[in-house]
Amino acid sequence: MRWTQTFLPTLKEVPSDAEIVSHQLLLRAGLVRKLTGGLYTFLPMGLRALKKVEAIIRQEMDRAGGIEVLMPALQPPDIWQQSGRYESARDVLFKVKDSAQREWVLGPTHEEVITTLAAAEINSYRQLPKCFYQVQLKFRDEIRPRFGLMRAKEFIMKDAYSFDATDEGAMVSYKKMYDAYTRIFARCGLKAFPVEADTGVIGGNYSHEFMVPAETGENDVVYCEVSGYAANIEKATSRGALTPTPDVSTGAAPEKFATPGVVTIEALTAAPHQVPAASQVKTLVYVADSKTILVLLRGDDQLNEAKLLARTGAIQARPATPDECFSALGARPGSLGAAQNVPSTVSVYADEQLRNARGMTTGANDDGFHLRHVDVDRDIRVSQWADFRTVAAGELAVVSGQPLKIRRAIEVGHVFKLGTKYSEKLNSTFLAENGLRHPTVMGCYGIGVTRTLQAVIEQGNDKDGIIWPISVAPFEVCLTPLNVTPGAPTLVLAEKLYAELTAAGIEVILDDRDDRPGVKFKDSELVGFPLRLGIGEKSLAKGQVELKPRGGALMAVPVEEAVARVIEWVKTERASLQTVSD
RNA sequence: CGGGGCGUAGCGUAGCUUGGUAGCGCGCUUGUUUCGGGUACAAGAGGUCGUGAGUUCAAAUCUCACCGCCCCGACCA
């Protein structure tokens, strides 16, 4: 490819609407352009890099036994109603109407479609297991698209769906995808690691996310360096709060006391009351699937809403409004409690941290009053005990007992063991060897392809631009003759090397622009080609050309060795990202 | 949806407080120059100042509404 014949608009200045470095570089290096918020056009270099990622994914999916298909992005709403997600996923579903005013949905994912296919076509255990995958555009009505390709309204995803006859088989399929993901991200040059994950609205009972550590990520990952435990904060557990709950119980009965104007945990810790946060019961009123519930935590703990949904089985939950609190408990936030005057219709969920907690202080369900001497087990009617709290850094890992750390990360992949949730609802059943009909056991596996591409940039860059791993770079070599006037020795040699390298299977872009050396150097570094082969009159006079790896030192090599040296360098780089020999 | 910020040439921005001929840098065009790290000089093209209404003799500037973008939060398969 010749620079003058492709379309590679680089930007010297940082676009004002890009905040994070990978988003800035996507724009500056001429990889993408924004149409509008959350919608981007891929330009030639961006598209080439994207296709590299897709090719790696396809190779590894095929290697893992995946079968590629392509499903419709536009889908009928009835299959979504059948699975129950027309409601549960309504906030992210794009809906469109055709000219007959009939409604359609733009698929945010394809469980419904693939399960419908399986229901029709897979009828015998002899046809199992099967793992279908596709690389498809997905649509999500994101409330707030941001960070370029990281969170977009429309994006490319690789999604795979496995169908097995048995639970054990499903675990084998899961493990195959898990291993394939590990290879895929390694081959993309990404430092990605798996973490235990919450399954969210998609359902299922076993799940890992693949995370790329990055301060700009939107996920918090809890991990233990000693045991290797790692989990999304939505899922993470620990041995509990670092400070024990003070036991100041005297055995006394709950006692109401006036706390005018005290409506926060914080305020109650101050004079005159001076109740430590760890001795308070935090009472949260939530509306879970239109039912009012109470969630109790220790005063210094934070609710983990993902756990709330998981433990209660609710599809959606939100904090109750002050009015809703008042009508349920007769008091407003700041004076709420579960010890007295709780209607029997209101379920009370309590965090394990409060088990056996005695001598606690909590709201009295009477504005301006609290209760002291509350023993949770004795005084509160708890419907269900569970882990509802958010793990904090420094708490001890459940297994190893070592301190946990927390870091930000970008989620690039997610694997789920789904079980029979979708196969039952959409009638994907098969006849087993014993003649009985069973639902297929499913798994689903996603990789955000466009997000992965941006994660590669987020992880590989410096002040000059992108530093691509060679496996994902739009071109492997940037051939840079400094003088391109027709007939100039530098151009003549460049054309010769271009032909030879291209014939040898090296992906070369020839910077044939009539521009100053500084411009060409800066651009090649901004776009981030892994190797620059520079041909200038000075070194050519000495019979030499220059090899400059991106981010590495410049090497002068004799002209006659140039092709061999480039091929060697490229092959070494390629090999370093190849995890399994073909 | 709540909070904050911003919309002026392809990009980055000044001007707005205190209303009065829209400016700069980059990029672009032409010429000269330079030719190993975003050359230098000169000439030039390019603007409904996001849209609409209002106030005013006069609005980029003040007021209101709307639209769009960015950030924080909520949300996130």
Side-chain angles (χ1 to χ4, degrees), chain A residues 9-20 23-24 27-28 30 33-39 80 83-85 88-93 107-112 138-148 150-153 155 157 159 161 197-204 207 209 216-220 232 234 305-306 309 315-319 321 410-411 413-416 418 421-422 444-448 451 464-465 480-485 488 490 513-526 532 534-542 544-546 548 554 556:
Chain A
T10 57
L11 261 26
K12 196 185 286 191
E13 289 175 283
V14 179
S16 64
D17 57 0
E19 185 80 4
I20 69 174
H23 185 194
Q24 293 170 352
L27 295 164
R28 289 227 293 139
R33 284 294 182 265
K34 182 170 77 175
L35 205 215
T36 183
L39 297 173
W80 286 82
S83 73
R85 293 161 103 197
S88 66
R90 65 168 178 263
D91 289 345
V92 296
L93 268 187
T109 175
H110 283 74
E111 280 81 6
E112 283 76 5
K138 307 286 183 178
F139 299 86
R140 280 187 203 178
D141 190 2
E142 290 289 350
I143 340 180
R144 177 147 93 92
R146 58 181 137 180
F147 303 145
M150 284 293 183
R151 179 171 292 279
K153 290 182 190 297
F155 58 98
M157 183 183 236
D159 47 328
Y161 306 90
D198 181 62
T199 53
V201 184
I202 204 156
S207 173
E209 288 165 337
T216 51
E218 298 186 76
N219 296 272
D220 283 307
N232 191 309
E234 295 178 343
E305 289 196 10
L309 292 177
I315 289 165
Q316 289 178 323
R318 60 167 177 85
T321 64
I410 300 163
E411 178 193 346
H414 203 158
V415 292
F416 294 86
L418 287 176
K421 172 177 170 177
Y422 293 90
C444 74
Y445 318 93
I447 292 179
R451 179 184 284 183
D464 294 316
T480 311
L482 297 189
N483 183 349
V484 295
T485 47
T490 51
R513 292 176 300 168
D514 184 12
D515 249 313
R516 297 180 56 79
V519 173
K520 294 182 154 200
F521 293 157
K522 287 286 184 192
D523 270 350
S524 77
E525 281 153 15
L526 176 59
R532 186 171 73 224
I535 305 175
E537 277 157 350
K538 277 188 188 170
S539 51
L540 197 54
K542 293 187 284 184
Q544 292 177 327
V545 294
E546 288 160 0
K548 172 74 170 62
L554 193 140

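Reminder, nothing fancy here: chain letters follow the sequence lines and each chain counts from 1.
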Inset, instruction - Considering only atom P, compute the distance from B:G19 to B:C24 and round it to an integer number of Å. - result: 24 Å
Legend entry - Nearest-angstrom distance, C1' atom, B:G2 to B:G38: 44 Å
Inset, instruction - Report yes if a donor N or O on one partner sits less than 3.5 Å from an acceptor N or O on the other, where the partners are the side chain of A:E13 and the base of B:G25; otherwise report no. - result: yes
Inset, instruction - Look at all strands and tell whether A:T36 reaches a base, only sugar-phosphate, or nothing, counting heavy atoms closer than 4.0 Å. - result: sugar-phosphate
Legend entry - A:S16 side chain near B:U13 phosphate (N/O to OP1/OP2, under 4.0 Å): yes
Inset, instruction - Provide, to the nearest angstrom, the distance between the CZ atom belonging to A:R318 and the C1' atom belonging to B:G73. - result: 17 Å
Inset, instruction - Return yes if some donor-acceptor pair links the side-chain N/O of A:K421 with the main-chain N/O of A:S83 below 3.5 Å, else return no. - result: no
Legend entry - A:G534 backbone acceptor or donor facing A:K548 side chain under 3.5 Å: no
Inset, instruction - Using atom CG of A:L309 as one end and atom C1' of B:A74 as the other, report the distance to the nearest whole Å. - result: 14 Å
Inset, instruction - Report yes or no: does A:R451 contribute a side-chain atom to a donor-acceptor pair with the main-chain N or O of A:M150 at less than 3.5 Å? - result: yes
Legend entry - Phosphate contact (B:C70 OP1 or OP2) by A:K34 side-chain N/O below 4.0 Å: yes
Inset, instruction - Indicate the atoms forming the closest heavy-atom contact of A:A306 with A:E234, along with that distance. - result: CB-CB, 3.5 Å
Legend entry - Touch class at under 4.0 angstrom, heavy-atom based, for A:E525 against every strand present: base
Inset, instruction - Look at all strands and tell whether A:F147 reaches a base, only sugar-phosphate, or nothing, counting heavy atoms closer than 4.0 Å. - result: sugar-phosphate
Legend entry - Atom-pair distance (NE2 on A:H23; P on B:C11), nearest Å: 14 Å
Inset, instruction - Could you work out which one of B:G37, B:G36, B:G12 sits closest to the side chain of A:E546? - result: B:G36
Inset, instruction - Report yes or no: does A:R140 contribute a side-chain atom to a donor-acceptor pair with the main-chain N or O of A:P108 at less than 3.5 Å? - result: yes
Inset, instruction - Measure from CZ on A:R144 to C1' on B:G68 and round the result to the nearest Å. - result: 15 Å
Legend entry - Nearest-angstrom distance, C1' atom, B:G4 to B:A45: 39 Å
Inset, instruction - Say whether, by atom type as modelled, one donor and one acceptor occur between the side chain of A:S207 and the main chain of A:V415 under 3.5 angstrom. - result: yes
Legend entry - B:C72 OP1/OP2 closer than 4.0 Å to side-chain N/O of A:R146: yes
Legend entry - Whole angstrom value for the distance that separates C1' of B:C72 from CD1 of A:I143: 14 Å
Inset, instruction - Let me know the distance between CD of A:E19 and P of B:C71, rounded to the nearest Å. - result: 6 Å
Inset, instruction - Determine the Euclidean distance between corresponding P atoms of B:C66 and B:C71; express it in Å to zero decimal places. - result: 23 Å
Inset, instruction - Have a look at A:E112 and say if it touches a base, only the backbone sugar-phosphate, or nothing, with a 4.0 Å heavy-atom cut-off. - result: nothing
Inset, instruction - Please measure how far the C1' atom in B:A9 lies from the corresponding atom in B:G15, and state the result in whole Å. - result: 15 Å
Legend entry - Atom C1', compared across B:G47 and B:A14: separation rounded to whole Å: 15 Å
Inset, instruction - Between protein and nucleotides 38-50 of chain B, map the contacts as a letter string: B base, S sugar-phosphate only, - none, heavy atoms under 4.0 Å, written 5' to 3'. - result: BB-----------
Inset, instruction - Using heavy atoms to find the nearest nucleotide of RNA chain B for A:L482 and A:P15 separately, return the residue whose nucleotide is more 5′. - result: A:P15
Inset, instruction - Output all residues satisfying side-chain contact (heavy atoms from CB on, under 4.5 Å) with A:E537, sequence neighbours left out; order by chain, then residue number. - result: A:N483, A:T490
Legend entry - Charged N-O contact under 4.0 Å between A:E525 and A:R532: yes
Inset, instruction - Write down the distance separating the C1' atoms in B:C1 and B:A74, rounded off to the nearest Å. - result: 8 Å
Legend entry - Expected output: side-chain A:R28 to main-chain A:K12 donor-acceptor under 3.5 Å: yes
Legend entry - Distance between P atoms of B:G46 and B:G10 (Å, rounded): 12 Å
Legend entry - 5' precedence on RNA chain B between A:D515 and A:V92 (nearest-nucleotide basis): A:D515
Inset, instruction - Remember a base hit wins even if backbone is also touched, and classify A:G37 as base, sugar-phosphate or nothing at under 4.0 Å, heavy atoms. - result: sugar-phosphate
Inset, instruction - Determine whether A:N232 and A:H414 make a side-chain contact, defined as any pair of heavy atoms from C-beta on separated by less than 4.5 Å. - result: no
Inset, instruction - Take the protein atom CZ of A:R85 and the nucleotide atom C1' of B:C76, then report the distance between them rounded to whole Å. - result: 13 Å
Legend entry - Flag, side chain of A:R33 to backbone of A:L27, donor-acceptor distance under 3.5 Å: yes
Inset, instruction - Measure from the side chain of A:F521, starting at C-beta and using heavy atoms only, and say which of B:G37, B:C76, B:A77 lies closest. - result: B:G37
Legend entry - Protein-nucleotide distance (A:R151, atom CZ; B:C69, atom C1'), rounded to Å: 18 Å
Inset, instruction - Determine the minimum heavy-atom distance between A:D198 and A:F416, stating which atoms define it. - result: O-CE2, 4.4 Å
Legend entry - Runs of at least three Watson-Crick or G-U pairs with RNA chain B, cut-off 3.5 Å: B:1-7 with B:67-73, B:10-13 with B:23-26, B:28-32 with B:40-44, B:50-54 with B:62-66
Legend entry - Candidate nucleotides B:C75, B:C71, B:A77, ranked by approach to the side chain of A:E305 - the nearest: B:C75
Inset, instruction - Remember a base hit wins even if backbone is also touched, and classify A:R532 as base, sugar-phosphate or nothing at under 4.0 Å, heavy atoms. - result: base
